[in-house]
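Take a look at the structure below.
Side chains included, hydrogens not; waters and symmetry mates left out as well; all remaining heavy atoms used.
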Amino acid sequence: MGNLCACLATQPAKKKPIKRLPNPPPQSNTSNRWTRIRSSRKEKLDDALIQEQALAAAILFQQHQQNGSLPFDRSASLRYPNSSSKKSSNALPRSSSSRARSLTDPLLQPHQLVNQDVKLDDLETNHFVLVHGGGFGAWCWYKTIALLEEVGFKVTAIDLTGSGIHSSDANSVTSLSQYVKPLTDLLENLPEGNKVIMVGHDFGGACISYAMELFPHKVSKAIFIAAAMLKNGQSTLEMFSQQAASDDLMRQAQIFLYANGNNQPPTAIDLDKSMLKDLLFNQSPAKDVALASVSMRPIPFAPVLEKLSLSDLKYGSVRRFYIETSEDNAIPITVQESMTKESPPEQVLRLKGADHSPFFSKPQALHKLLVEISKISST
């Protein structure tokens, strides 16, 4: 992910000094004192409520996967549209769970949904595959999943190896192919003639690029959201290391993990939880930041070192779209613009006011762009 741009700097980072405000002078007014006490209690209650909502969202997400009517694969959550859409003639893969999302779902209220007239029969495909970024998991797409399903799309959110609720340890992932196996397995098992729209966020951009090279005939469009969009022979680390010198916030946030010993290369990268908001969620709601703080996992280090092998015949045959995030502190807009200039996609769109996690900070606007891209026909 974007935080990998500073991976070359393995020296322990100095933490920013904490600025403390001077204590206010004592006041004799008992009414004011009582007001402050009530305010303090309210803030504590609000904080507790935010944490409770975040934990509840995480639990609901996991229960949704585990209580499906069919066996499930911990690396993928496959959802089908509501009863308004026809049942697919293709059998539901054994490695999935399915349920119709109710309008009373507490994760997203009905008044938050975007009403769009989408004629699914006119689309090349109505199936979105969402691929999370480094450290994230399928859980981060919960708003996007709800919005897309409400207008009739089929959505599959993947947990890459060692991410989300996938059972593997991130420190044990030694290659990009191992990391993206849940995604490549999904594409390999797609019925012949079926296509998907792949969406990659952050380091997920490199992951969908890898899959596009293997299965170009199964990908209708590829959408990169604040993501690593690499050229042939380039690694994610190489792409983002260009900005390492100026990215002080990223340097301070990263924590290298050495599962094989301190005298060996890092096996994974973690993030300082106290810096998550400023780095990844500077425009996102507090309850989503709380959800991320209890859900994010370390990022496998080996895959970010791996150079991609991308050909014009395969990877180059898939239609690419890039969505920029203007208020991104993890992958600055200048880095995003550099990637789109060096390897121009079919279209570049921008989400104004979006941080590195637009599925939290600008879910409605992101949803609208995803739907609009799905409706773009070949010329």
Side-chain angles (χ1 to χ4, degrees), residues 1-2 114 116-120 122-133 141 143-144 147-148 151-153 155 187 195-213 215-232 234 236 239-240 308 310-328 330-359 361-379:
M1 64 182 293
V114 174
Q116 289 184 311
D117 182 19
V118 182
K119 297 180 180 178
L120 298 178
D122 295 340
L123 305 179
E124 183 178 13
T125 178
N126 70 337
H127 188 180
F128 276 93
V129 174
L130 309 178
V131 183
H132 63 80
W141 299 106
K143 293 180 182 179
T144 301
L147 289 166
L148 288 172
V151 292
F153 286 97
V155 186
L187 294 175
K195 290 189 175 185
V196 300
I197 298 174
M198 279 202 303
V199 181
H201 169 247
D202 186 81
F203 184 38
C207 299
I208 67 172
S209 297
Y210 181 93
M212 289 157 63
E213 180 68 20
F215 303 99
H217 58 291
K218 293 189 175 183
V219 184
S220 169
K221 298 181 181 77
I223 304 174
F224 296 74
I225 304 175
M229 189 170 65
L230 309 179
K231 297 184 298 183
N232 178 46
Q234 195 172 38
T236 304
M239 165 61 71
F240 294 119
L308 288 184
L310 304 174
S311 66
D312 291 336
L313 182 62
K314 295 180 179 180
Y315 167 83
S317 68
V318 180
R319 304 174 70 184
R320 290 178 292 124
F321 299 81
Y322 200 99
I323 298 178
E324 298 176 341
T325 45
S326 63
E327 304 300 321
D328 198 322
I331 304 181
I333 189 65
T334 53
V335 180
Q336 297 178 48
E337 290 173 339
S338 174
M339 286 188 286
T340 58
K341 288 178 182 177
E342 292 183 14
S343 180
E346 184 172 323
Q347 285 190 32
V348 177
L349 307 101
R350 178 173 294 189
L351 282 173
K352 294 181 180 180
D355 57 21
H356 187 61
S357 306
F359 35 75
S361 60
K362 291 290 181 180
Q364 297 265 11
L366 174 61
H367 168 71
K368 183 177 180 181
L369 289 184
L370 294 179
V371 171
E372 289 304 317
I373 292 173
S374 75
K375 293 159 65 176
I376 298 175
S377 60
S378 57
T379 54

Worksheet item: With no hydrogens and no angle check, is any side-chain donor or acceptor of Tyr322 less than 3.5 Å from a backbone partner on Glu337?
Response: no

Discussion item. I want to check something: taking the side chain as every heavy atom from C-beta on, are Leu349 and Ile373 in contact at a cut-off of under 4.5 Å?
Written reply: yes

Discussion item. Any heavy-atom pair between the side chains of Gln347 and Phe321 that's under 4.5 Å?
Written reply: yes

Practice prompt. Inspect the surroundings of NZ in Lys195 and state if more than 12 heavy atoms from other residues, nucleotides or ligands are less than 6.0 Å away.
Written response: yes

Practice prompt. Please round to the nearest 0.5 Å and tell me the distance separating atom OG of Ser361 and atom CG of Asp328.
Written response: 9.0 Å

Item to complete: Specify the closest pair of heavy atoms between Ile376 and Glu346, including all atoms of both residues, with the distance to one decimal.
Response: CG2-OE2, 4.2 Å

Discussion item. Let me confirm one number: the CG-CE distance from Leu308 to Met239, rounded to the nearest 0.5 Å.
Written reply: 10.0 Å

Worksheet item: Between Glu213 and Tyr315, is there a donor-acceptor pair closer than 3.5 Å when you use the side chain of the first and the backbone of the second?
Response: yes

Discussion item. Determine whether a donor-acceptor pair (N or O, by modelled atom type, separation under 3.5 Å) exists between the side chain of Ser338 and the backbone of Thr334.
Written reply: no

Worksheet item: Quick one: does Ser343's side chain have a donor or acceptor within less than 3.5 Å of a partner on Lys231's backbone?
Response: no

Worksheet, complete the sentence: Taking every heavy atom of Leu366 against every heavy atom of Ile225, the minimum-distance pair comes out as CD1-CD1, 3.6 Å

Worksheet item: Taking the side chain from His201 and the backbone from His356, do they hold a donor-acceptor pair closer than 3.5 Å?
Response: yes

Worksheet item: So do Thr144 and His367 actually touch side chain to side chain, heavy atoms under 4.5 Å?
Response: no

Worksheet item: Between Asn126 and Phe153, which heavy-atom pair has the shortest distance, and what is it?
Response: O-CD2, 3.3 Å

Worksheet item: Considering residues at least two apart in sequence or located in another chain, which fulfil the ring pair (Phe, Tyr, Trp, His ring centres under 6.0 Å) criterion with Phe224?
Response: none

Discussion item. Could you measure the distance from the CZ atom of Arg319 to the CD atom of Glu124? Nearest 0.5 Å is fine.
Written reply: 8.0 Å

Worksheet item: What is the distance from atom CG of Leu370 to atom CG of Leu130, rounded to the nearest 0.5 Å?
Response: 7.5 Å

Worksheet item: Got a second to check how far Ser317's OG is from His217's NE2, nearest 0.5 Å?
Response: 10.5 Å

Worksheet item: Are the side chain of Gln336 and the backbone of Thr325 linked by a donor-acceptor contact shorter than 3.5 Å?
Response: yes

Worksheet item: Counting N and O atoms only, with roles assigned by atom type, does the side chain of Lys143 sit under 3.5 Å from a partner on the main chain of Pro363, one being a donor and the other an acceptor?
Response: no

Response to the item:
Output for pair (Glu327 CD, Leu351 CG), nearest 0.5 Å, gives 11.5 Å

Worksheet entry | Exercise: identify the closest heavy-atom pair between Ala228 and Thr236 | CB-CG2, 4.2 Å

Practice prompt. Would you name the heavy atoms of Val219 and Met198 that are closest together and state the gap between them?
Written response: CG2-CE, 3.7 Å

Item to complete: Side-chain contact test, heavy atoms from C-beta onward, threshold under 4.5 Å: evaluate it for Arg350 versus Val348 and give yes or no.
Response: no

Practice prompt. Would you check if Val196 and Lys218 make a side-chain contact, meaning some heavy-atom pair closer than 4.5 Å?
Written response: no

Discussion item. For Pro216 versus Lys314, what's the shortest heavy-atom pair and its separation?
Written reply: CB-O, 3.5 Å

